[in-house]
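Data first, discussion second: the structure below is written as structure tokens.
Just so we're on the same page: letters track the sequence lines, and every chain starts at 1.
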Amino acid sequence: MSTTLVIARNTISEALRRKILNAFLLVGVAMIVLTFAFQAFQPRQELTLIKGMGLGIISLAGILISVILSINLIPTEIERRTIYTILSKPVRRYEFLLGKWGGAVGTVFINVLLMTVVFVAAVAVKQIIGQQPLDAFALFKGALMTYMQLFLLCSLAIFLSIFTTPLINFFLTLSLFILGNLSSFIQDLAKNSTNIVLKGIFTAVHYLVPNFGNFQYSNPLLNPGVQVNSEALFLIQNVVYAVVYSAVLLILAVLAFDRREV
Amino acid sequence: MFSKSQRQGLMGVVAALVVAVIVLQARIDPLRRQEAIEPKTVGKVLEKNATTLPFEYILGTLTGFRQVIAGLLWVRTDSFFHSGNYDAVLPMIRLITWLDPNWLDVYATGAWHLMYNFTDTDQRSDRRYLEPGLALLDEGIANNPNVYDLYKEKGWNNFDKVKDYETAVNALKAGAENDPKFDVTQLGHLMAHALERAGRTDESIQQWEQIVKQHQAVLDDKKSTPDAIGRATQGVKSARNNLAHMKVRQIVRRKDTQPPVDAGFTVTVKRTKPKVLEISGTFNLVGAKEFDMGTPEKPGKGILVEGPVDGARVDVRLQDEGYKMAKRQEFSFEVDPKLTIMQDQISIRGGKKAEKGGLFVAQGKNAGSVERSAEHVAVYGFDDEEIKKHKLGSVLLSKGLGQLSPMGQLQAVSVAYPLPYASTKKQYTPAEVQTLMARLRNDSAKLAELDGKKYCVAQNDAYQAGTFRREIDMSKDPSMYSFANDTFELILTMNPRTAPDFVQDRIGWSGEGLTDKNYLYVDKEKNNLRMIRRVIKLKREDLTGTEPKVLVAK
Amino acid sequence: MADAIVIKNLTKQYPVPLKREVVNAVDNLNLTVGEGEIFGFLGANGAGKTTTIKILLGLIYPTTGDASVLGAPAGDIAVKQKLAYLPESPYFYEHMTAKEVITFYAQLFGMKREDARRKAEELVDLVGLGGKSDVNKRIYEFSKGMRQRVGIAQSLINDPTLLFYDEPTSGLDAIARRDIRDLMLYLKREGKTMFLSSHQLEDVEAVCHRVSIIHKGKLRVLGTVEDLLAGERVEIVVTGIDKAVGDKIKAIAPEAVIRTDGARAQVSMNQSDGAVAAVVDAVRQAHGNIVSIVPGRRTLEDLFVEVVGERIVIGDGVATTESVTSSNGSLGNNGQGGTPVSTASAADAPSAAATPTAAAEDAASAANARTKPSANKYKELHRK
């Protein structure tokens with residue numbers, strides 16, 4: 001376990017020094033700050049805009065950071081042969097893989113947290129100055145959902161990286177991300193489909209493809225009047241979903257990586 | 001490497017977890033698919049705009065960025081609006097309200113665009129867009145039934161634009177019922193005003209009383225934020241003031257509105273150019289010049305000085321004959337290009353009054369320019385023609401002191417000893433008047449000065465009706481006024497319920513103090529509203545003909 | 001003495017992309033390395049050296065056969081506590097400093113963070129990267145030599161029993177090479193076992209007890225350095241001969257290696273009076289000139305070229321092989337396509353580990369005599 005933590009920590013510190021990932025983070029933070037340039041709107045409209053844009057930017061920057069980080073972690077280790085020196089030490093393969101995964105979700109966590117703190121603080125300051133009701137902290141719920149989505153996305157990308165090259169994985173992961181986001185749409189297709197084969201396929205896709213659409217939770221945060229039933233239950237179930245699905249992907253990745261030649 | 005049994009064990013765990021994933025998904029689905037999290041309208045974006053919307057927008061919409069897309073579109077919409085491109089605004093509004101059906105401001109702003117911003121001049125908006133504007137609000141209310149905001153918008157638009165106060169009241173009541181957290185200042189106050197405008201004065205008073213209690217509850221609540229307390233303090237002040245006015249007016253208007261004023265309504269309609277109408281006429285608009293409010297406990301005297309006032313308007317509406325605004329079942333920003341509706345308002349100004357024994361100013365060629373101090377006490381300037389016409393005589397003040405009526409005495413004193421301009425207006429008491437009149441009689445220098453300013457004592461009662469006039473040019477925007485129909489109706493109305501307070505003080509909330517020999521119209525559907533209304537039927541040729549022509553003379 | 005490495009009938013096959021064939025990267029390899037032995041593992045690029053090392057480390061898995069390391073199956077986690085691996089041209093996390101990298105690796109051995117830091121500091125000093133100008137540099141700013149030093153440092157973290165060094169001196173300057181060679185000699189004296197794959201044949205010659213040559217996955221030569229290099233050689237430099245003469249020479253002395261350089265040709269062959277005279281005669285009959293005949297000791301390079309049919313050329317930092325050809329066509333065997341020249345001890349070489357020979361020990365003591373500071377430091381390090 002400690003080996004896994006050492007590798008995770010090392011992965012995070014290495015990732016945090018990578019220019020490309022930091023560039024996304026910086027652009028993310030800069031764009032969040034820029035959204036405060038919407039001066040032409042009524043204060044409430046402006047806040048809705050800022051909240052929507054901010055959550056979107058965190059999500060988008062997070063997706064890019066997650067995917068680019070996760071698809072490369074293990075292939076780069078193999079390509080650059082850094083894995084040889086690690087696996088020749090008393091490190092089990094699953095420890096290595098889990099360490100890398102931990103590094104990915106840890107790095108994404110730090111990035112999302114940084115962006116969210118900047119964002120929430122900025123919204124809170126704006127609400128206090130504008131003497132508007134202070135609900136900025138509810139945005140952490142959105143950030144949590146975004147993070148759990150990215151958590152699952154990292155697991156998926158790392159799982160796929162055992163079998164594919166980064167380029168193929170990039171498109172594969174993004175395709176599955178989009179497909180997973182379309183889950184409701186696919187569920188409707190399944191519901192409305194009369195063809196039994198299609199119905200089966202759509203149902204399988206809905207339940208088995210990682211359901212990234214589960215984590216779309218900006219509506220109630222942007223629009224204060226919206227009342228959600230069983231919000232806490234919904235959020236908790238989504239967290240559990242991301243964790244359980246990630247566990248599936250990681251066990252499969254461990255099994256595949258155990259046999260993989262490096 | 002794992003042993004075979006280890007691998008089998010792990011695969012077993014995977015199988016169990018996959019079952020857990022499916023069970024979880026089945027439990028998440030019903031929660032996720034509630035409208036509050038995943039609005040169904042989003043599907044319409046794909047259904048109706050899949051081919052016209054850029055791919056990245058579709059992609060963004062599907063991948064959880066729909067609110068970012070909505071935000072970006074809204075920023076674009078705003079820039080379209082600021083560049084005056086309203087036609088581009090509408091499809092955007094349609095799209096955004098599908099993308100984010102809970103973004104209240106988009107409905108509100110969209111309805112505002114529709115109902116106010118399609119104009120051909122500063123005054124006139126394209127009335128065809130009222131239907132879609134209200135339909136948009138109805139859609140917004142349907143999508144956000146538990147938030148008061150759009151009920152308030154619907155109330156406001158009916159109140160201010162459509163001037164359908166009953167509908168406004170109903171919308172506002174529904175808002176208050178469906179959202180217990182409604183803002184009293186925004187929604188409650190508007191409802192009280194709407195009830196008043198609807199002629200439901202008792203209910204309006206009850207509403208103000210209710211509002212005072214609601215504000216007071218906020219002020220008494222120790223948990224209220226400073227912001228809420230600030231708003232409630234303002235609100236309760238304003239509500240108490242309105243409540244007092246309503247209560248006093250309910251009492252004094254009963255007497256002040258009698259006998260009814262004859263509106264003496266006349267209208268002349270000229271076609272000056274094709275699709276250009278000049279509408280003019282007279283309206284004897286009498287209101288309170290001086291009013292004594294008092295308090296509900298000790299009501300004042302009401303109207304102290306009545307007389308012709310500026311500040312009410314005649315509504316002019318030209319539309320396809322028989323058109324009635326319909327309620328749309330579904331929002332669409334399309335309007336009937338063949339439908340013609342023009343609505344405008346023309347201010348009534350320049351009415352005058354001289355009361356037998358009172359003062360007037362004989363102004364010769366400078367008729368109309370009356371000293372400010374004199375204006376406050378209702379001294380009107382009459383030119384030589386008018387003096388002759390109304391047989392006012394021209395007895396100078398110094399000569400006519402003996403025949404001054406009590407009101408004339410008050411006026412003479414006010415003119416001779418005017419209060420400083422900035423001070424609060426106040427009527428002299430009878431005792432003060434007697435003292436000051438005695439002083440005036442003995443003050444030959446003052447009397448000479450007032451004579452020099454041509455203050456005269458009226459020998460007869462004389463009312464000069466106010467006039468209204470406007471040239472309405474409907475030739476510039478054929479897309480707005482197609483004149484496709486064969487027959488039209490030009491409707492001229494003066495609705496007491498839309499009149500300002502100081503006019504209503506004389507003619508009543510519902511026209512109780514208003515009459516007209518020819519055009520009094522009592523609307524039974526609107527709680528016996530007495531209004532002035534004249535409907536003139538016109539043919540297309542009347543409007544589009546090229547030669548100047550008088551279409552209606554008086 | 002126990003065996004450190006035992007390889008039995010080891011075969012590793014890779015599928016050929018887009019074909020149904022497989023290629024044998026390692027082909028029925030049998031090898032044993034004794035504890036305390038410095039074992040040279042030679043071969044051209046693609047011969048199967050790195051594949052073999054990776055199997056021994058458990059990075060890849062054999063198709064058939066077995067490999068055990070320090071008494072446990074290859075890849076055993078417990079054994080890895082005692083192993084060190086220095087890959088060829090090692091790469092590290094580019095954005096970290098040498099000290100951070102070593103600290104990280106040290107933690108992988110279960111060291112506490114503070115201990116790992118101390119260890120890293122010592123090792124970074126030991127390999128000469130502790131200077132002020134280097135200590136804050138990130139790896140991406142390092143030269144190849146500096147990276148190699150980081151590699152050496154990480155291989156010493158756990159005071160390993162068995163070291164796998166893959167081309168430890170390739171691409172280094174002369175001083176760095178000497179330092180590393182001294183280090184290897186020191187490790188030899190310390191009784192470490194080393195599996196050394198190298199192109200630097202002189203290093204191998206100087207350090208190794210036993211040497212093997214692997215070609216196309218098959219073991220071709222195995223023996224002590226002394227045995228393999230036994231026998232005198234003669235170098236005959238001639239001018240003005242053609243391919244026909246070359247063929248004649250190969251017929252006389254099949255083990256001969258002919259290198260051409262423009263009009264000059266250098267024939268390296270075993271000392272044997274009759275054969276040398278026959279070659280001289282053949283040249284003369286073809287009206288060629290004998291420039292010189294010099295007797296000399298057989299080198300590992302000679303042996304390598306004989307076995308592999310390729311000469312090793314060390315260019316600027318990159319080891320490549322070049323086939324031996326003449327200006328007018330192939331002289332002798334072309335390493336790319338022909339069958340390699342076989343030597344007596346090739347495939348069926350004795351598999352039992354030979355005890356380090358007296359000569360090897362001499363070499364070791366010779367190295368000992370000129371012990372370098374780095375090796376001293378190393379010693380001190382492990383005394384602590």
Side-chain angles (χ1 to χ4, degrees), chain A residues 35 38 40-42 44-45 48-49 51-53 55-57 59-60 93-94 131-133 149 177-178 181-185 187-188 206-208 211-220 222-230 233-234 237-238 240-241 244-245 247-248 251-252 254-255 258-259, chain B residues 1-2 6-7 10-11 13-15 17-18 20-22 24-29 31-39 42-43 46 59-60 62-72 74-75 78-79 82 100-106 108-109 144 146-149 179 181 225-227 230:
Chain A
T35 55
F38 298 128
F41 295 91
Q42 301 285 323
R44 193 175 73 175
Q45 282 184 43
T48 310
L49 261 181
K51 286 180 187 174
M53 291 288 170
L55 286 174
I57 289 164
S59 176
L60 190 63
R93 287 190 171 208
Y94 71 82
Q131 296 197 335
Q132 286 176 304
Q149 189 186 47
F177 181 74
I178 292 169
N181 266 299
L182 289 179
S183 188
S184 293
F185 184 62
Q187 194 186 18
D188 289 343
H206 173 66
Y207 285 106
L208 294 177
N211 196 324
F212 293 105
N214 283 352
F215 306 95
Q216 295 177 10
Y217 193 69
S218 52
N219 201 34
L222 264 57
N223 301 306
V226 169
Q227 302 292 320
V228 178
N229 298 326
S230 320
L233 182 66
F234 176 71
Q237 282 182 346
N238 272 342
V240 174
Y241 178 87
V244 172
Y245 206 120
V248 169
I251 294 172
L252 291 175
V254 160
L255 286 172
D258 190 54
R259 291 197 159 173
Chain B
M1 278 229 271
F2 292 118
Q6 282 174 320
R7 297 185 78 84
L10 284 171
M11 284 311 292
V13 173
V14 166
L17 290 179
V18 167
V21 161
I22 293 170
L24 263 172
Q25 187 60 49
R27 289 174 136 262
I28 289 170
D29 276 333
L31 288 178
R32 179 172 60 109
R33 305 212 70 173
Q34 57 181 307
E35 278 288 308
I37 295 174
E38 200 180 85
V42 180
L46 302 176
L59 189 65
L62 294 175
T63 50
F65 291 97
R66 69 185 166 83
Q67 273 152 330
V68 175
I69 304 289
L72 289 172
W74 189 235
V75 175
D78 193 61
S79 71
H82 287 295
D100 186 352
N102 301 114
W103 195 352
L104 307 174
D105 294 310
V106 178
T109 314
N144 301 277
N146 299 319
V147 193
Y148 76 90
D149 290 56
D179 184 358
K181 288 185 285 181
T225 61
D227 181 53

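Counting heavy atoms from C-beta outward, B:V147 and A:V226 have side chains that stay 4.5 Å or more apart. The shortest side-chain heavy-atom distance between B:M11 and A:L255 falls under the 4.5 Å cut-off. At a threshold of 4.5 Å between non-hydrogen side-chain atoms, the residues B:L62 and A:N181 do not count as touching. Here the side chains of A:N223 and B:Q67 are in contact, with some heavy-atom distance below 4.5 Å. Between A:N219 and B:N102, the closest side-chain pair of non-hydrogen atoms falls below 4.5 Å. Considering only heavy atoms from C-beta on, A:I251 comes within 4.5 Å of B:L17 through its side chain. At a threshold of 4.5 Å between non-hydrogen side-chain atoms, the residues B:V21 and A:Y207 do not count as touching. Between A:N238 and B:L24 there is no side-chain heavy-atom pair separated by less than 4.5 Å.
Both the backbone and the side chain of A:L60 come within contact range of chain B, each with at least one heavy atom under 4.5 Å from a heavy atom of that chain. Within the 4.5 angstrom heavy-atom criterion, only backbone atoms of B:E35 (N, CA, C, O) approach chain A. Proximity to chain A is limited to the side chain of B:F65, based on heavy atoms less than 4.5 angstrom apart. If you measure heavy-atom distances from A:F212 to chain B, you find no contacts under 4.5 Å at all. Only the side chain of B:D227 comes within contact range of chain A, with heavy atoms under 4.5 Å apart. For A:Y94, the part lying near chain B is the side chain, with the backbone staying farther off; criterion is any non-hydrogen pair under 4.5 Å. At a 4.5 Å heavy-atom cutoff, the contact between A:L222 and chain B is made by side-chain atoms alone. Using a 4.5 Å cut-off between heavy atoms, B:V68 touches chain A through backbone and side chain atoms alike. When heavy atoms are compared at a cutoff of 4.5 Å, B:D29 approaches chain A solely by way of its side chain, counted from C-beta outward. When heavy atoms are compared at a cutoff of 4.5 Å, B:A26 approaches chain A by way of both its backbone and its side chain. Contacts of B:T109 with chain A are made by side-chain atoms alone, with heavy-atom separations under 4.5 Å and no backbone atom involved. Neither the backbone nor the side chain of B:I69 has a heavy atom closer than 4.5 Å to any heavy atom of chain A.
Top candidate by heavy-atom pairs under 4.5 Å with chain B, chosen from A:A247, A:S59, A:P133, is A:S59. Between chain B and the residues A:L208, A:L182, A:N229, A:I57, the most heavy-atom pairs under 4.5 angstrom are made by A:N229. Annotation: maximal heavy-atom pairing with chain A below 4.5 Å, among B:L72, B:V13, B:V106, occurs at B:L72. Highest contact tally toward chain A, considering only B:D100, B:D179, B:V18, is held by B:D100 [criterion: heavy-atom pairs under 4.5 Å].
Of all the heavy atoms in A:S230 and B:L31, the pair that sits closest is CB-CD2, 3.7 Å. Pairing each heavy atom of B:E38 with each of A:S184, the nearest pair is OE2-OG, 2.7 Å.
Every salt bridge (charged side-chain N to carboxylate O under 4.0 Å, His left out) that A:D258 has, sequence neighbours left out, goes to B:R7. A:R93 pairs by the salt bridge (charged side-chain N to carboxylate O under 4.0 Å, His left out) definition with nothing, not counting sequence neighbours.
Within a 6.0 Å radius of CZ in A:R259, no more than 12 heavy atoms belonging to other residues, nucleotides or ligands are found. The number of heavy-atom neighbours closer than 6.0 Å to CZ of B:F2, taken from other residues, nucleotides and ligands shown, is above 12.
To the nearest 0.5 Å, atom CG of residue A:N211 and atom CD1 of residue B:I28 are 7.5 Å apart. The CZ atom of B:R27 sits 15.0 Å away from the OH atom of A:Y241 when rounded to the nearest 0.5 Å.
At a cut-off of 3.5 Å, with distance as the only test, no side-chain donor of A:Q216 or B:R32 sits close to an acceptor on the other residue.
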### Message
Go through it in stages, so that I can follow the logic: the residues are B:W74 and A:T48, the test is side chain to side chain contact (heavy atoms under 4.5 Å, CB included), and I'd like the CA-CA distance, side-chain angles, deciding distance and then a yes or no.
### Response
CA-CA 11 Å; B:W74 189 235; A:T48 310; over 6 Å; no
